[in-house]
Amino acid sequence: MEKMNKGKNRDTFQPDQILSYFKLEWKVLLLVTVSGLIYNLGLLAGPWFEGKMTGTLVDILRGAGQFQDMLTLVIRYVVAIGIVQISRYMKRFYVRRFANNVNRRMKEILYGSLVRKSRADLREEGEGDIMTKAILDVDDCVEGMRKFTTEIFDTGVALAAYAGMLFWYDWRLALLCMIFPPISYIIAEKMKKMIQQTGAFYKKQSGALSTATLDRAGNAITYRVFGCESERQQAYEDNLTAYEISAIKANIWNTAMPPVYRVISMAGVLFILYFGQKNVLGTGWKAWTIASFTTFLACFVKLSVKSSSAAKLFNAVHKAQVSWKRIKPLMHLFEEQKSNESLEDKKMDAGAGRLEVKHLSFAYPDGRKILEDISFTAEPGQIIGITGAVACGKSTLGKVFLGEYPYDGKIIYRGKDLQAFKDAERSENIGYLGHDPELFNDSLENNVRMGDAVSAESYFRAVCIDEEIAEMPDGKETLVGTGGVRLSEGQAQRLALARTLYHKRPVMILDDPFSALDINTEKEIFAHLRQMTADSIVLLISHRLYLFPEMDQVIWMEHGRTTVGTHEELLEHVPEYAELFGVQTDAAQTDPVQEGGLEREESFI
Ligand SMILES: Nc1ncnc2c1ncn2[C@@H]1O[C@H](COP(=O)(O)OP(=O)(O)OP(=O)(O)O)[C@@H](O)[C@H]1O
């Protein structure tokens, strides 16, 4: 990959063209070619020596030959075998190396493509299918390429050499018995469709089974609690059965045909036995010795075996074609996009822009309109509270800023519509914290720093998790487990917020960041948030309204439409908002846990 990124290879490399991968590996393939040619041409020595040795043996038995001749022949035979085997080893080594290089390159490209897909697309595709593509399909594809590369020499060169030898001994007989191998090729080609169909179906089932397995493992507790285990087990069994059937069918088509091809290829032996013995007896097309007969027969058997491997090669190539078809649309190189701004520009500009949302409307790909004609503006330093009824589109409004789907209307920031932002520009300007903390299996600190050098300590304090971390045996080095499984929900949520604040952006979208916290902690963190985002715009989506009197603006959402104003204005003009706020603040006053204000005052600027 590194090599590919430099020099002229990069300009010519086309990741969605199989030939490009061969071209990129031309040095390794050259070594394969040289060692492959030596190996396969050397193989011809086998039948030649076998014929010679048979002839010498017959001479010795007749008393016309010397043991010394046989010994010399055997020594030369052993040396020839040595050379052939060394070249065979070299050829195999370099073919494997070629396959490993291509496999790694394809996986890197595919991985780069998959991680850039939107969350929604990934979910739609299914985790199981993604895993199948990223691992199994690449492996099958490369296996087809490896076999193709190997067989070009093992089969192509050897076939040509054996055929040449047969013609040299008796061209009429050679023509006669060589009718059969092409017939086996034709049959193999005809079988292509079945092999491809069963192969594609097997891949599909394999993806479905992986998805079912992940689902079962991920939701095991839910299924147990709700008593759905036997039902899920049955669904899993059904998937497993479908997978097994598809695997058997694909395997049958893959393995049952090669013996048939071999039998067809071998049919020429009958001609050799009949016409060959005539040659030996002196009544055929050529005058043969026993040695010539043995060499011809051995050569033909080897040619038939090789030609049936060629038919087998077709199977592997057909299988690889199925996989290639599945992954080809994902084979694109992505450049690390960098905006042209310097760090200083970014610092000066950070938070300098006003955000203008004008007549924003949005529908998911299923066509249902979620947001309708939304307009508001926000200035740097403002925190804007977004709330509304359940499922009214709050999260969707936040996600629109991620640019995963197109929208109507405009979101203008820094004088440009968000849809015109490059990915890198968008990620430099928009920070997002969704419902899922998306923690990875690393230390608490690394989850916040994400590779940056600055210490995460002050961010731990900002989200009020510092004291809990201090009590953990490994402190900030504590591993959080996959998805943060070793943390409480509130801890995971705060850690994710610390990460978002650490990587502060001029526009920050925080989707319900306090939902798992008590009011005291929420208020404390909010005060820190206010300090830390003094030059940013924060869109804070929340169901809880205790903090809304402190918001610079409030957006009330209902059926995809919005009312925008200050908290006081909304209390006056939106009865639903006033009612919700009243209910929540009344509840807080009667709940002792919900009372209180800021316990710790600290500056985070
Ligand atoms: N990826 C999606 N594809 C299609 N429809 C979706 C998708 N995500 C959400 N929706 C639909 O959009 C509507 C708004 O969902 P959204 O999550 O934005 O609401 P919300 O106000 O944040 O909900 P909540 O109050 O439960 O947090 C819902 O009806 C939901 O079913």
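Side chains are part of it too, since the values below use all heavy atoms of this structure and drop only hydrogens, waters and symmetry mates. Counting convention: from 1, in listed order, for ligands and their atoms alike. All residue numbers refer to positions in the sequence shown, counting from 1.
Considering backbone and side-chain N/O atoms, I370 never comes within less than 3.5 Å of an N/O atom of ligand 1. Of the N or O atoms in H543, one or more lie within a sub-3.5 Å distance of an N or O in ligand 1. For ligand 1, the polar-atom distance check against S395 finds a nitrogen or oxygen pair separated by under 3.5 Å. Between V390 and ligand 1, a contact under 3.5 Å exists for no N or O pair. Residue-to-ligand polar distances place Y364 within reach of ligand 1: an N/O pair is separated by less than 3.5 Å.
Within the 4.5 Å cutoff, no side-chain heavy atoms of D137 are placed close to those of L110.
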Walk me through it: do F13 and Y21 pass the test ring-ring contact (aromatic ring centres under 6.0 Å, His included)? CA-CA 8 Å; F13 179 72; Y21 294 87; 5.2 Å; yes
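For the side chain to side chain donor-acceptor pair (under 3.5 Å) with D140, the lone residue among Q321, K203, R326 that qualifies is K203.
For D535 and K504, the salt-bridge test passes: some basic side-chain N is under 4.0 Å from an acidic carboxylate O.
Residue-ligand proximity, T396 to ligand 1, at heavy-atom distances under 4.0 Å covers atoms 14 (C), 15 (O), 16 (P), 18 (O). For ligand 1 and K394, the ligand atoms under 4.0 Å from any heavy atom of the residue are 18 (O), 19 (O), 20 (P), 21 (O), 22 (O), 24 (P), 25 (O).
Applying the salt bridge (Lys or Arg N to Asp or Glu O under 4.0 Å) test to every pair with at least one member in residues 488-500, sequence neighbours left out, gives these pairs: E468-R494.
Y243 is linked by a ring-ring contact (aromatic ring centres under 6.0 Å, His included) to Y202, counting only residues two or more places apart in sequence or in another chain.
Counting heavy atoms under 4.0 Å from ligand 1, residue R368 touches it through the side chain alone. Residue contacts with ligand 1 for I541 are absent, since no atom lies close enough (heavy atoms, distance under 4.0 Å).
Nearest to atom 23 (O) of ligand 1 by heavy-atom distance, out of A391, G367, S542, is A391.
Cation-pi check for K416 over F421 is met; the charged atom lies under 6.0 angstrom from the ring centroid and within 45 degrees of its normal.
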